[in-house]
Amino acid sequence: MDIIGLHRRATTAVEPVLARVRTIDLSVPTPCVGWDLRALLEHMTGQDHGFAAAVRAGSTADVDATAFAPRPLGTNPATAAAASATEVGTAFAEAAAEPDRTVWLPEFGHRFPLEQVAGFHLIDTLVHGWDVAVALGIAVDYDDELVAAGLTQAGRVPTGAARERPGAPFAPVRASEGTDPWERTLALLGRDPAWSPARAKGTLAR
């Protein structure tokens with residue numbers, strides 16, 4: 001599996017969704033607890049810039065947690081979100097020339113192989129791309145290889161009590177009786193595949 005290539009395809013796949021964001025949409029609820037669309041996009045852009053900086057810094061500890069902090073969207077949220085997705089995709093693609101590179105991630109206080117870091121960001125990109133899409137009432141267009149990669153990465157996310165704490169990256173695993181691989185991916189990450197703004201009934205729910 002060419003995880004770097006798949007990562008670039010993931011960032012490319014979410015760009016049409018991000019392009020649909022309008023300023024008027026920023027207050028709509030999302031599947032992420034406590035986050036409207038503005039908060040979700042600010043988180044995504046912060047993570048994109050943080051991962052891009054960390055990948056470019058490599059094994060040095062020059063990048064701290066502030067690099068990953070949510071970023072204001074400015075006057076054009078769609079442009080800001082799409083630009084950050086392009087930036088992080090480019091950073092990983094450039095780093096692919098050094099496959100043995102390790103990357104310092106300040107959140108963990110640890111260095112990880114480049115391909116593992118690409119996997120971390122790939123699943124974040126895919127699931128948050130879906131979060132944005134369902135908040136807007138549109139669909140994502142992930143090909144079978146991307147969905148399979150997402151399912152593999154979702155299965156590697158640790159479970160347990162840490163996922164029940166406020167601010168956890170992913171909610172506890174949900175029961176899933178279906179066989180659709182993307183729905184199974186969402187359930188592994190604590191998402192309700194049937195979530196919609198209408199079902200949220202004005203609340204901010206996972």
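All values derive from a computational prediction rather than experimental measurement. Positions are given from 1, in the same order as the sequence printed here.
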- prompt: CG of D141: more than 12 outside heavy atoms within 6.0 angstrom?
  reply: no
task: Output yes when R191 and D131 qualify as a salt bridge under the 4.0 Å nitrogen-oxygen rule, no when they do not.
output: yes
[X] and [Y]: same hydrophobic cluster, using ILVMFWY side-chain contacts below 4.5 Å?
{"X": "F120", "Y": "W104", "result": "no"}
{"X": "W35", "Y": "I24", "result": "no"}
{"X": "L114", "Y": "F112", "result": "yes"}

Check whether any side-chain heavy atom of [X] lies under 4.5 Å from a side-chain heavy atom of [Y], and answer yes or no.
{"X": "D124", "Y": "F170", "result": "yes"}
{"X": "V117", "Y": "H121", "result": "no"}
{"X": "I123", "Y": "L189", "result": "yes"}
{"X": "R71", "Y": "E42", "result": "no"}
{"X": "V147", "Y": "P181", "result": "yes"}
{"X": "V132", "Y": "T30", "result": "no"}

Determine the minimum heavy-atom distance between [X] and [Y], stating which atoms define it.
{"X": "L6", "Y": "A149", "result": "CD1-CB, 3.9 Å"}
{"X": "A139", "Y": "A133", "result": "C-CB, 4.3 Å"}
{"X": "Y142", "Y": "T125", "result": "OH-O, 4.1 Å"}
{"X": "W130", "Y": "P31", "result": "CZ3-CG, 3.7 Å"}
{"X": "V63", "Y": "A57", "result": "CG2-CB, 3.8 Å"}
{"X": "D36", "Y": "L26", "result": "CG-O, 3.4 Å"}

- prompt: Between F68 and F51, does the ring centroid distance fall short of 6.0 Å?
  reply: yes
- prompt: Checking side-chain contact (heavy atoms from CB on, under 4.5 Å) for the pair L37/L136: CA distance, chi angles, key distance, verdict?
  reply: CA-CA 9 Å; L37 187 57; L136 295 175; 3.8 Å; yes
- request: Among L41, T45, L73, find the one that has a side chain to side chain contact (heavy atoms under 4.5 Å, CB included) with S84.
  value: T45
If I take atom [atom1] from residue [X] and atom [atom2] from residue [Y], how far apart are they, to the nearest 0.5 angstrom?
{"X": "H43", "Y": "D48", "atom1": "NE2", "atom2": "CG", "value": "9.0 Å"}
{"X": "R101", "Y": "R56", "atom1": "CZ", "atom2": "CZ", "value": "9.5 Å"}
{"X": "H7", "Y": "D2", "atom1": "NE2", "atom2": "CG", "value": "12.0 Å"}
{"X": "D180", "Y": "T185", "atom1": "CG", "atom2": "OG1", "value": "8.0 Å"}

T102 backbone acceptor or donor facing R111 side chain under 3.5 Å: no
field: Derivation and outcome, side-chain contact (heavy atoms from CB on, under 4.5 Å), residues H128 and L40
entry: CA-CA 8 Å; H128 281 326; L40 172 58; 3.5 Å; yes
field: Cluster companions of V173 among Ile, Leu, Val, Met, Phe, Trp, Tyr (side-chain spacing under 4.5 Å)
entry: L151, L188
Please tabulate, one pair per line, all N/O donor-acceptor pairs under 3.5 Å involving side-chain atoms of residues 8-18, not counting sequence neighbours.
{"residue": "R9", "atom": "NH1", "partner": "E145", "partner atom": "OE1", "Å": "3.2"}
{"residue": "R9", "atom": "NH2", "partner": "D143", "partner atom": "OD1", "Å": "3.1"}
{"residue": "R9", "atom": "NH2", "partner": "D143", "partner atom": "OD2", "Å": "2.8"}
{"residue": "R9", "atom": "NH2", "partner": "E145", "partner atom": "OE1", "Å": "3.1"}
{"residue": "T11", "atom": "OG1", "partner": "R8", "partner atom": "O", "Å": "2.9"}
{"residue": "T12", "atom": "OG1", "partner": "R8", "partner atom": "O", "Å": "2.9"}
{"residue": "E15", "atom": "OE2", "partner": "T86", "partner atom": "OG1", "Å": "2.9"}

